[in-house]
Amino acid sequence: MGTRNYRRKTSHSEHGPGDGGRTGSWRVERPVLDQNLCTPCKRNKESCFICWLFCPEVVISRTIPPAFNLEYCKGCGICAEECPTKAITMVDEAKFSEEEKE
Amino acid sequence: MHIIENGNVAAALGVKLCRANVIAAYPITPQTPLTERLSEYVESGEMKAEYIPVESEHSALAVCIAASSAGARTFTATSANGLLYMHEQVQWASGARLPIVMCVVNRAVGAPWNVWNDQQDSISQRDTGWIQIYCSDHQQIIDTVIKAYWLAEKVSIPIMVCYDGYILSHTYMPFDLPDQEKVDAFLPPFKPEYALNPDQPANLNTVTLPDVRTDIHGELAHGYMEIRYLLQEDLRTTITAAAEAEKRFADIFGRVSDPHIEPYRCDDADFVAVGMGSLTYQLRVCVDALRNEGFRVGVMGVRYYRPFPDEAIAQAMKGKQGIIVFEKALSYGYEGALASDLKSALYEHLAGTGSLPAVQNFIAGIGGREIRTEDLTNTFRAALQSRISKEPLWIGLKL
Amino acid sequence: MPKRNDPQTIANFKDIVMNKDFIEIRWHGRGGQGAITAAKIVAGAAFVSGYAGVVMAPTFGTERRGAPVMTSLKISKEKIYDLTPIETPDIVVVLDHLLLKEADVTHGLKQGGIIVLNTPMAHDTYNFKNYRLATADVTAISVEAGLPHGMVNTGIIGSLEKAMNLLGIEILIQGIEEEFRTRKPQNNSNAAKIAYERTITGE
């Protein structure tokens with residue numbers, strides 16, 4: 001059972017979740033949101049979402065509160081860097097319990 | 001003195017020992033640590049050299065061509081698409097008869113994109129008039145860089161010192177670091193016949209005509225055809241010069257090796273595997289296993305691929321029942337490049353003698369596809385027992 | 001089936017490792033954690049101890065900090081010609097216990113093979129049938145030795161030697177201090193010494 005019947009003869013990939021594997025496993029730190037500092041949370045209104053805009057992996061949702069898809073978040077820390085109110089902090093993965101990690 | 005380092009560092013140390021004084025290179029995986037190490041040596045003052053950062057491989061070799069023309073001992077290194085990017089300059093350097101030494105850290109070429117090892121990059125450049133030498137371990141890498149400068153400057157032909165990306169470049173093993181004094185004794189300073197200088201102005205590599213011409217001294221100067229012929233002639237006599245380099249090296253460093261080919265258990269072998277680079281050492285493990293099973297086999301590494309040591313190879317293969325060529329590149333549209341050249345050498349030297357071994361060709365490790373020793377042994381064993389395929393067979397394909 | 005902690009089994013295995021002329025050690029770490037440096041130090045110590053053949057070959061996928069990486073370290077009395085990745089290691093070294101979930105660290109490990117594991121958890125929380133386990137909280141030990149949090153690659157060398165008892169801790173200490181001569185050599189060698197003392201092998 002090989003690749004003989006694959007539809008193309010070139011290397012051709014399309015975007016979609018999981019093409020790079022479960023990249024959440026790459027993390028050594030994860031983003032943690034303080035809703036008391038987060039602008040859309042405080043105003044209960046669609047606003048800011050700079051974290052969503054800057055995330056290179058599109059794992060932050062444009063929701064109130066913004067949610068981080070930990071399945072794919074690599075922990076790059078750009079969201080924390082860019083957040084204008086410093087509502088996001090990067091926290092060592094080791095601090096999270098085994099159960100939380102599952 | 002033995003040290004444990006990776007292949008890239010072995011190459012960098014060789015360049016340092018040879019006192020290269022102009023280095024121009026552009027980083028590309030898996031060569032990058034080599035050039036980074038050289039830039040550190042220059043920065044620290046350990047190497048008295050100019051390190052010229054360039055924006056591309058094409059420029060890297062252009063800078064080496066210019067510097068070499070001005071009398072500097074130059075070095076560059078690259079891999080895969082970097083080598084392809086400088087292809088125009090690769091042709092230029094040999095036609096200009098400049099003794100540039102370049103390490104090619106063998107890597108697969110795009111498309112598609114792939115950073116892992118095969119030998120398509122340097123093999124695709126085999127017609128350019130450069131000398132090509134393939135290394136099988138770190139001792140060979142550092143020794144070959146040293147020998148290459150001597151040889152290149154003797155015959156005025158640039159040399160590619162090739163070694164497998166990742167498998168050798170990033171793998172650590174022990175090797176002897178030659179003494180600086182011995183290298184200085186082996187390799188005197190570069191003294192070209194002519195080096196660009198304002199006191200003796202000249203135009204280099206000017207337009208040549210199809211025919212010969214008379215120069216300002218009234219002498220008949222070469223036409224393009226003569227210049228190109230002399231490159232070919234000098235490449236062929238390099239086969240002898242390579243042996244001379246080997247003897248000189250052995251006298252000073254005490255390490256002896258056959259310049260052109262590296263045979264292992266071939267003398268009484270019925271079947272011989274042939275390859276280039278680290279694969280030939282892996283094949284030694286297969287040879288030992290098959291010998292234990294009662295098969296009379298050996299492996300021969302080809303070190304000089306250009307000039308092709310046709311006579312040495314044919315003589316070594318005389319009387320053998322079969323040759324099995326394993327390679328990590330091919331001439332697309334036909335077959336493995338080494339297999340073709342080898343068959344041609346056999347035909348040239350052995351046709352009509354009653355001893356023309358059968359040749360089989362296997363392609364392996366393309367794009368860094370792992371070559372399991374067990375699979376290699378199984379393929380080798382099967383090839384001993386019958387002709388598996390007329391077309392080159394690709395080992396480990398997952399179609 | 002001999003018990004995991006059966007001293008007879010373990011003693012036998014130690015003898016097997018000591019007599020071998022060819023030892024394969026696979027290292028599992030993360031990009032940036034220093035597994036390669038650690039393997040290189042062990043390779044150097046093996047070489048000066050009379051193992052003429054040492055090969056240390058990292059396996060490269062797409063490199064990035066935090067990605068699981070693997071390194072093959074082969075130690076032999078004779079020159080090594082086969083540079084392919086280790087398929088049946090005698091020993092696996094795991095620099096970070098979280099890797100147990102991400103990589104199949106025992107893949108191919110020989111029966112009775114050794115796992116050296118950096119973990120904050122107690123030795124007896126693990127149940128590796130068929131293998132011998134050596135554990136230490138190298139992360140905590142390294143901090144105790146004055147190293148930054150997460151720099152476990154020198155401490156783990158101490159754990160490895162405790163488990164395999166092959167080269168002697170002194171030669172490894174020398175190797176560590178040489179490799180780290182400009183980067184807190186004492187702290188690094190202390191991490192190895194403390195880990196060597198505190199590694200639990202279940203004996």
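Quick note on labels: first sequence line is chain A, next is B, and so on, each numbered from 1.
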**Asked** Got a donor-acceptor contact below 3.5 angstrom from the B:Ser344 side chain to the B:Ser340 backbone?
**Response** no
Polar pairs (donor with acceptor) under 3.5 Å from chain B to chain A:
residue: B:Lys398; atom: O; partner: A:Thr3; partner atom: N; Å: 3.0
residue: B:Lys398; atom: O; partner: A:Thr3; partner atom: OG1; Å: 3.2

**Fill in**
So salt bridge (charged side-chain N to carboxylate O under 4.0 Å, His left out) across residues 103-112 of chain B, not counting sequence neighbours, yields none
**B:Tyr26 side, atom OH; B:Thr76 side, atom OG1 - distance, nearest 0.5 Å** = 12.5 Å
**Message:** Looking at A:Phe68, I want to see if its CZ is surrounded by more than 12 non-hydrogen atoms of other residues, nucleotides or ligands under 6.0 Å.
**Reply:** yes
**Request:** Would you list the pairs meeting salt bridge (charged side-chain N to carboxylate O under 4.0 Å, His left out) in which at least one residue belongs to residues 327-342 of chain B, sequence neighbours left out?
**Result:** B:Asp164-B:Lys328, B:Arg306-B:Asp341, B:Glu335-B:Lys343
**Fill in**
ring-ring contact (aromatic ring centres under 6.0 Å, His included) filter on B:Tyr172, not counting sequence neighbours, yields none
